[in-house]
**Q** 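Pasting in a structure now, in structure tokens, and then I'll have a few things to ask.
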Amino acid sequence: MLALQKLRPEPGITLREVAAPAMLGEGDVLIAVEATGICGTDLHIAAWTSGYASMRDAMPVTLGHEFCGVIRATGAGVPAAAMGQRVTVRPSVLCHRCAACAAGDADHCTGRKGIGIGRDGALAAKVIAPWENCVPAPEGMAPDIAALTEPMTVCHEAVRTADIRGGERVLVIGPGTIGQGIALFAEAAGASEVVIVGHGDAARLATLNELGFHATADSAGSSLAAAVAPWTDVGLFDVVIEAAGVPALVPEALALLRKRGVLVIAGIHSAPVSIDLTALVRDHKQIRGTYRAPVETWPIVLEYLEHNRERVEKLISARLPMSRVGEGFRLAAAKSASKVIILQDEVAA
Ligand SMILES: [Zn+2]
Ligand SMILES: [Zn+2]
């Protein structure tokens, strides 16, 4: 089968023929992949920016961690009913050996491996995953929508971390898929206003406009403060959620926050940043980090996707067959697309 792989710890990705997975371990299922999203993480891995050195041990490894497919074979210990189910998959696989796993505290497993990062992923026709990581997709949900579940759980967790109260004004920095999903969940959490700012992001801001968010701005050629000035006249923001991964924006974001406001960092930053802690202390501001969502978030997000199908469709700006996966990466990297979904050829045909 064709698989998009990371072969070596250096820039680059390779589309090549590999053997389809055959042997299923206890508790594993074989999934015929239907749709896989390309995300910022995949772009970082392709460009080989810092933060993914631990992948070295898994190489060559197939990428792809946001996906949906149908279970076509089951290993020992998997219920018979699993066969034929359309599932989306939590990519973080537990080690079942560390102290946290032994204590039943899955969220703190220290030996987890990510599907599509630390073990073979779903930018291929077939992938193996533990049955315990599979979350059934609602009846009739399209595979490309179900493939949005993983990134949308990240968005949901960012908004939950921000603890948005009804009527609060929220600034989202970064209009990519994560920023778009954060805007949707911030609105659902009762924010009275959601402002989204990008940087040379006309296409992705246009997607936000289509999603119904009209308070958008582009900071290219100006500062962040200048770009959002139309909304700070009436006061600073209650919550700022950063989803751009640009370290220099962190101090600028803090300056846009009201006293006791909350800054949530969702972006992956490849360099440290210096901030004015005295100002932070005196204004009682908070900085919170957010990352992977807990397991309970998955059904909540699937329900949101099901009930907002027409709207969330707009998050997907390109659907390409596996043979054009390289083009998909280029589109995503050029910011000319929001979410790019790769369809396996039998689905695309
Ligand atoms: Zn992702
Ligand atoms: Zn563990």
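Any value given below was found using the heavy atoms of this structure, including those in side chains, with hydrogens, waters and symmetry copies removed. Order of listing sets the numbers, starting from 1, for every ligand and every atom in it.
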**Q** Check whether any N, O or S atom of His96 sits under 2.8 Å from the Zn ion (ligand 2).
**A**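 False for His96.
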**Q** Hey, is Arg160 close enough to Glu157 for a salt bridge, meaning N to O under 4.0 Å?
**A** yes
**Q** Let's test this: below 2.8 Å, count the protein N/O/S atoms around the Zn ion (ligand 1).
**A** 3
**Q** Could you tell me the separation between the CG atom of Leu171 and the CD1 atom of Ile196, rounded to the nearest 0.5 Å?
**A**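 Here the interatomic distance stands at 8.5 Å.
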**Q** Work out the angle at the Zn ion (ligand 2) between SG of Cys109 and SG of Cys101, rounded to 10°.
**A**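 The two atoms form an angle at the metal of about 100°.
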**Q** I want to check something: taking the side chain as every heavy atom from C-beta on, are Val240 and Val264 in contact at a cut-off of under 4.5 Å?
**A**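 Answer no - side chains too far apart.
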**Q** What I want to check is whether the side chains of Thr62 and Gln5 have a donor and an acceptor closer together than 3.5 Å.
**A** yes
**Q** Would you check, one step at a time, whether the test side-chain hydrogen bond (donor to acceptor under 3.5 Å, both in side chains) holds for Ser338 with Thr207?
**A** CA-CA 7 Å; Ser338 294; Thr207 298; 3.2 Å; yes
**Q** Given Lys6, which of Val61, Asp42, Thr14 fulfils the side-chain contact (heavy atoms from CB on, under 4.5 Å) condition?
**A**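 That would be Val61.
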**Q** Looking from the Zn ion (ligand 2), what is the angle between SG on Cys98 and SG on Cys95, to the nearest 10°?
**A**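 It is 110°, given to the nearest 10°.
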**Q** Among Ile173, Thr232, Val197, find the residue that satisfies the side-chain contact (heavy atoms from CB on, under 4.5 Å) test when tested with Leu256.
**A**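 Considering Ile173, Thr232, Val197, a side-chain contact (heavy atoms from CB on, under 4.5 Å) with Leu256 is found only for Thr232.
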